[in-house]
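What follows is a single structure, written as structure tokens, with notes after it.
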Amino acid sequence: VSDAGGAARLAEVDAALAGRAALPRDNGELVFEEPWQGRALGMGVVVLERTGVTWAEFRRHLVAAIRRRPPAPGESAATAYYAAWLEALEALLAERGLLP
Amino acid sequence: VSTEHGHDHHPRPDSQVALRARALEAVLAEKGLVAADAIDAVVELYERDVGPQNGARVVAHAWTDSAFRERLLTDGTKAIAELGFGGAEGDNLVAVANTPTVHNVVVCTLCSCYPWPVLGLPPTWYKSPPYRARMVAEPRAVLREFGLELPDEVEIRVWDSSAEVRYLVVPMRPAGTDGLTEEALSTLVTRDCMIGTAVPLAPERSP
């Protein structure tokens with residue numbers, strides 16, 4: 001995986017998720033408060049690449065999950081976002097028959 | 001639940017959602033859908049995010065393609081998208097070109113707004129109160145402290161970034177670079193010269 005390819009992929013993800021499903025950032029920097037958040041993002045990127053599912057389709061699941069799951073009291077925006085991200089990924093995989 | 005990925009160093013007990021992430025990763029690995037090292041590679045890239053090399057590519061492309069240069073100076077956001085950069089909503093990139101009589105430099109007087117899709121993370125000094133205050137009041141003196149001595153006849157334009165508009169300085173192409181490829185040119189473009197506190201490196205003479 002080349003650096004340039006990685007940056008282009010990130011730009012693609014950013015563009016696809018802009019707005020309601022935008023990746024949490026602080027002054028432009030991606031925010032990962034705990035390692036599992038980065039791994040959740042990584043799982044999404046790899047699963048979409050492997051299955052050919054588009055970011056537009058994932059975005060629909062993600063927006064729905066964000067709506068279903070507002071931040072709990074005391075929960076940070078990044079935690080709430082990546083928790084919704086996991087839910088969206090699980091829903092997508094279930095829909096595709098890839099998860100029980 | 002598999003825990004052999006070496007990510008168990010943080011002191012707090014795993015939250016429920018962290019456990020859920022790990023469980024999902026284990027299932028994906030079991031199904032042969034996603035290998036842990038594939039995720040590692042993505043995480044590593046994304047944690048580093050982007051760096052000034054994106055901006056350097058933009059500048060080198062502008063140096064070698066005058067039509068692109070025109071587009072870059074007319075609509076920076078659109079032009080960098082041609083190269084696959086940008087994407088975040090609300091980030092308007094404005095490219096400003098240095099000439100023999102005008103030198104541009106970028107500051108964010110309010111906070112630390114910065115064109116991250118092309119320059120990556122801002123240097124510490126960019127966020128420091130003295131830089132933010134003094135660059136507007138006495139740019140020539142501040143640039144001198146950066147080691148950039150500009151002739152008196154060169155006008156210095158200071159651009160104040162905001163959440164809506166981020167600036168990218170397009171420096172002048174150094175003399176003696178006619179034969180260089182775009183890739184070689186991009187190595188001459190440092191982060192600082194796209195902020196405006198430096199000018200591009202002189203090309204190395206091959207022996």
What part of A:Glu87 lies closer than 4.5 angstrom to a heavy atom of chain B: side chain, backbone, both or neither?
-> both
Rounded to the nearest 0.5 Å, what separation is found between the CD atom of B:Glu25 and the CG atom of A:Leu89?
-> 11.0 Å
So which pairs with a foot in residues 71-81 of chain B pass salt bridge (charged side-chain N to carboxylate O under 4.0 Å, His left out), sequence neighbours left out?
-> B:Arg71-B:Glu82
Measure distances from A:Leu93 to the heavy atoms of chain B and classify the residue's part below 4.5 Å as side chain, backbone, both or neither.
-> side chain
Audit row: B:Val42, A:Met43, side-chain contact (heavy atoms from CB on, under 4.5 Å) steps and yes/no | CA-CA 9 Å; B:Val42 172; A:Met43 274 188 264; over 6 Å; no
Checking heavy atoms, do the side chain of A:Ala22, its backbone, both or neither come under 4.5 Å from chain B?
-> neither
How far does CD of A:Glu90 sit from CG of B:Leu28, to the nearest 0.5 angstrom?
-> 9.0 Å
Has B:Arg20 got more than 12 heavy atoms of other residues, nucleotides or ligands less than 6.0 Å from its CZ?
-> yes
Can you name the closest pair of heavy atoms from A:Ala83 and B:Val17 and give their distance?
-> CB-CG2, 3.7 Å
Min side-chain heavy-atom separation A:Leu99-B:Leu24 under 4.5 Å | yes
Would you mind telling me which of B:Ile39, B:Leu33, B:Val34 has the largest number of heavy-atom pairs within less than 4.5 Å of chain A?
-> B:Ile39
Which value, rounded to the nearest 0.5 Å, describes the distance between B:Lys31 atom NZ and A:Arg50 atom CZ?
-> 13.0 Å
Any residues in residues 61-72 of chain A near chain B, with a heavy-atom distance under 4.5 Å, and which are they?
-> none
